[in-house]
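See below for the structure under consideration.
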2 protein chains.
Amino acid sequence: MGGKRGPFSCGLDAAVAVVGGKWKPLILWELHEGARRFGELRRSLSGISEKMLIQQLRELEADGIVHREVHREVPPRVEYSLTETGASLNKALLPLGDWGEEHMDHIRAVRGV
Amino acid sequence: MGGKRGPFSCGLDAAVAVVGGKWKPLILWELHEGARRFGELRRSLSGISEKMLIQQLRELEADGIVHREVHREVPPRVEYSLTETGASLNKALLPLGDWGEEHMDHIRAVRGV
DNA sequence: TGCAGTACTCACCAAAAGGTAAGTAATGGC
DNA sequence: GCCATTACTTACCTTTTGGTGAGTACTGCA
């Protein structure tokens, strides 16, 4: 879903193309309080594989949502943070997060999970 | 993505489980002005297959997002509309749609589509 | 009799997303 | 010399998602 998908039929379609998938919303959420290192993100997003994390971060970077900063040290330190565009996207996701919070029990019940 | 996936790590995760995928956001959008027939939806969502449309509608129905009403006529008439929960979800999606609208050109440019 | 229109349903296939496990590069400290 | 740490990278596989095309049930109407 993070893959290319072009001409969008509406704004929602475009936004979903950028933030869709299993991990991207969670990654954005993790970054909403400031920069995070690769390893920090991996530990926070329990269950994500390194491959997935990198892949999603690269796509978000390509879409101008996150900024990647490499500190040339050993061991290496790479920090990811939201760009301004990313921060605005995160803000636009807040109501959806609230909705989910509010209806989580209902959804869980309906799906039997 | 519409498939079962639980326990959610946060509200956003739960919301994405309900509204994720290629078509669901667009279906919700189509319903935001009122009830629509199956055929109307198929024509509006250009490119969707009948199988996908039904599948997504069934999942949304199971999640309590849309209501399905069958009118016993010939030829048959089935109308889909948002439940109250669905309407609130749609509302929560508005900022995301606005964000997409605003950044669509940027995204298209970055992806070369 | 048979065709039109509507809303599905099914079997099968292709593509995309996601997961696993192993390997790499760089260097400071023991 | 060798191990630890960090941030990847690669190859391979499974699961999920999405697409195609044909078929079904119902009944009014020509």
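Naming convention: chains lettered A, B, ... in sequence-line order (proteins, then strands); numbering from 1 in each chain.
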Applying the side-chain contact (heavy atoms from CB on, under 4.5 Å) test to B/Leu60, which of B/Thr83, B/Ile27, B/Leu31 qualifies?
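With B/Leu60 as partner, side-chain contact (heavy atoms from CB on, under 4.5 Å) holds for just one option, B/Ile27.
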Heavy-atom donor-acceptor pair, A/His32 side chain to A/Trp29 backbone, under 3.5 Å:
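Pair found, side chain donor or acceptor close to backbone of A/Trp29.
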Between B/Asn90 and B/Leu28, is there a donor-acceptor pair closer than 3.5 Å when you use the side chain of the first and the backbone of the second?
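Such a contact is found between B/Asn90 side chain and B/Leu28 backbone.
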Whole-Å distance between [N] [atom2] and [X] [atom1]?
{"X": "A/Arg72", "N": "D/dT5", "atom1": "CZ", "atom2": "C1'", "result": "17 Å"}
{"X": "A/Gln55", "N": "D/dT10", "atom1": "CD", "atom2": "P", "result": "12 Å"}
{"X": "A/Glu79", "N": "D/dT6", "atom1": "CD", "atom2": "C1'", "result": "13 Å"}
{"X": "B/Arg77", "N": "C/dT6", "atom1": "CZ", "atom2": "C1'", "result": "12 Å"}
{"X": "B/Phe38", "N": "C/dG5", "atom1": "CZ", "atom2": "P", "result": "17 Å"}
{"X": "B/Glu50", "N": "D/dG19", "atom1": "CD", "atom2": "P", "result": "13 Å"}
{"X": "B/Gln56", "N": "D/dG19", "atom1": "CD", "atom2": "C1'", "result": "12 Å"}
{"X": "A/Glu40", "N": "D/dT6", "atom1": "CD", "atom2": "P", "result": "11 Å"}

Contact nearer the 5' end of DNA chain D, comparing B/Gly47 with A/Leu57
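On the 5' side of the pair lies A/Leu57.
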Looking at the side chain of [X], which of [options] is the nearest nucleotide?
{"X": "B/Pro76", "options": "D/dT9, D/dG19, C/dA7", "value": "C/dA7"}
{"X": "A/Tyr80", "options": "C/dC12, D/dC8, C/dG19", "value": "D/dC8"}
{"X": "A/Arg68", "options": "D/dG19, D/dC8, D/dC12", "value": "D/dC8"}
{"X": "A/Ile54", "options": "D/dC8, C/dC10, C/dA26", "value": "D/dC8"}

Is the number of heavy atoms from other residues, nucleotides or ligands under 6.0 Å of A/Glu84 CD greater than 12?
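It does not: A/Glu84 CD has 12 such atoms or fewer within range.
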Test A/Arg58 against A/Gln55 for side chain to side chain contact (heavy atoms under 4.5 Å, CB included), laying out the working first.
CA-CA 5 Å; A/Arg58 290 279 147 87; A/Gln55 197 174 96; 5.9 Å; no
It should be established whether B/Arg42 places a side-chain nitrogen or oxygen under 4.0 Å from OP1 or OP2 of nucleotide C/dG5.
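So the side chain of B/Arg42 is outside the cut-off, no N or O lying under 4.0 Å from OP1 or OP2 of C/dG5.
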Using only side-chain N and O atoms of B/Arg37, determine if any of them is under 4.0 Å from OP1 or OP2 of C/dA7.
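Result: yes.
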Would you say the base of C/dG18 and the side-chain of A/Lys22 have a donor-acceptor pair closer than 3.5 Å?
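No.
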Identify whether any heavy atom of A/Arg58 sits under 4.0 Å from a base atom; if not, whether one sits that close to sugar-phosphate; answer base, sugar-phosphate or nothing.
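Sugar-phosphate contact only - A/Arg58 comes under 4.0 Å of backbone atoms but never of a base.
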